[in-house]
Asks: 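Please find one structure pasted underneath; my questions will follow.
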Amino acid sequence: MSAIEVQGLCPIKGEIIVQGSKNAVLPMMAGAVLNKGITVIDNVPRIQDVFCMMGILDSLGCSCVLDGHSLTINAAGLSRFSIPREEMEKMRSSIMLLGALLGRCKEAEVYYPGGCMIGKRPIDLHLMALEKMGVLIEEGEGDEPLRASVPRLRGTVVDFPFPSVGATENAIFAAVAASGKTILKGCAKEPEITELCRFMNNMGASIRGAGSDLLVIEGGLPLHDSRFTVCGDRIAGGTYLLAAAGAGGELLLTGTESAGLLTVTTVLKRMGALVYAEDELIYVKAPERLQASSIKTDPYPGFPTDLQSIMMAVMSRAEGTSIIEEKIFENRFKTAVELEKLGAEIIVEEDIARIVGHTHLKGSHVEAKDLRGGAALVAAGMMAEGTTIVSSCEYIMRGYEDICRDLSGMGACIRYVEEPAGR
Ligand code: EPZ
């Protein structure tokens with residue numbers, strides 16, 4: 001099944017307990033490599049990217065077992081530090097293993113990571129941080145891997161010019177293994193980073209400043225076996241809140257910290273929705289039609305770039321003209337073309353999209369181009385008259401455990417179907 005069929009305009013009312021966080025669990029899986037023993041992670045989402053990361057860890061000599069939503073990683077047997085290109089290119093998170101393998105093995109051979117084609121997505125900030133800790137890096141030409149080695153990782157001060165999520169995570173892994181103290185300045189502050197700090201500290205690391213842009217890490221401490229429950233997926237939860245609001249429905253979402261979605265719930269209120277949020281509970285009830293608004297994506301605590309496409313879908317049916325400024329990735333408006341097939345009116349000029357809201361969208365056959373764009377098309381299908389088919393939904397499976405199960409839980413008429421012939 002690689003397509004999703006949505007019957008639009010079904011009444012939306014229900015409750016969803018959100019899955020575990022993709023963008024928290026993937027770096028944790030890499031971090032588990034630093035412990036020469038067993039790490040158990042609970043509430044792990046059964047998504048493609050997790051299965052892929054398990055495959056990479058197994059290929060390095062670890063042993064991963066996912067029983068339900070509990071993942072046991074035994075990294076005692078890790079015996080390789082080289083990851084094949086085809087594995088690296090399956091997702092962006094594979095690059096997290098660079099810092100983790102350097103921390104464990106003092107060397108690593110990797111290739112540039114894959115992931116959603118939403119921009120160039122270089123790794124210069126990852127390499128800058130690692131080089132400051134003494135890592136020698138040889139960027140391969142052609143089919144040659146990037147080779148990194150370090151006789152001895154040493155604590156230092158790293159000042160990030162941009163709060164890169166992945167670069168912060170790689171620097172954390174290297175700093176935990178380095179001898180001495182490391183100070184990371186200008187770090188990313190996403191809740192997934194805070195969660196990673198809690199996870200590493202639970203394993204014996206000493207990371208102070210979680211939640212801020214300044215982390216102080218005492219390196220070289222002995223790490224031990226541990227068990228940790230990963231937080232709910234903020235972005236999946238935000239996807240469902242926006243989908244419910246866009247469809248004029250109501251949703252009670254539990255399982256993810258409402259503070260991590262404050263900018264999203266603030267915008268929904270501005271657009272006319274009733275929102276109640278407390279701890280891990282968010283309730284939204286939308287009017288038949290929302291009002292237009294404007295957003296600018298920013299590093300946390302700004303509006304999350306991962307919810308930009310879904311917000312674009314919601315704005316397509318709002319009253320008035322909305323504005324989206326995408327300040328994080330230089331190519332994250334691709335879904336606009338697919339939304340226009342449903343009747344949306346979107347004008348894209350460089351990093352600004354203007355969305356002229358229309359009272360009606362009409363179901364059509366559209367294609368997912370990336371993970372969050374695919375989710376946006378499903379949300380748009382819920383708001384459109386008639387039937388919408390979203391092709392290439394394997395993108396969606398990378399990050400959503402079961403988007404049809406979840407959205408059906410709030411009344412959406414949605415199911416997986418075979419890819420229509422001739423696509
Ligand atoms: C993480 O990607 C997330 N992925 C992304 O979610 C998310 O969109 C992004 O953070 C921003 O929040 C995971 O956690 C697995 P960045 P990452 O490094 O680490 C530039 C999803 O849909 N940059 O913060 O790759 C980069 O090009 C995914 O779940 C450099 O220039 O994000 C981008 O423009 C999509 N040099 C910006 O920074 C670098 O060395 C943000 O990248 C690193 C990044």
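In each ligand, atom 1 is the first atom listed, and ligand 1 is the first ligand listed. Nothing fancy with the numbering, it's 1 onward along the sequence.
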Asks: Is the closest side-chain heavy-atom distance between Glu107 and Val150 below 4.5 Å?
Replies: no
Asks: What pairs meet the salt bridge (Lys or Arg N to Asp or Glu O under 4.0 Å) rule with one or both residues in residues 150-171, with sequence neighbours excluded?
Replies: none
Asks: Going by the rule side chain to side chain donor-acceptor pair (under 3.5 Å), which residues pair with Asp49 if we only count those two or more places apart in sequence or in a different chain?
Replies: Arg398
Asks: Taking salt bridge (Lys or Arg N to Asp or Glu O under 4.0 Å) as the cut-off, I'd like each qualifying pair that reaches into residues 60-79, sequence neighbours left out, listed once.
Replies: none
Asks: Mind checking whether Tyr240 and Tyr400 have parallel, tilted or perpendicular rings, split at 30° and 60°?
Replies: tilted
Asks: Any side-chain donor paired with an acceptor under 3.5 Å for Ser322 and Arg354?
Replies: no
Asks: Given a heavy-atom cut-off of 4.0 Å, could you list the residues near ligand 1 in chain and number order?
Replies: Lys22, Asn23, Arg92, Ser93, Ile118, Arg121, Pro122, Ile123, Asp124, Leu125, His126, Phe162, Ser164, Val165, Gly166, Thr305, Asp306, Ile328, Phe329, Arg332, Leu371, Arg372
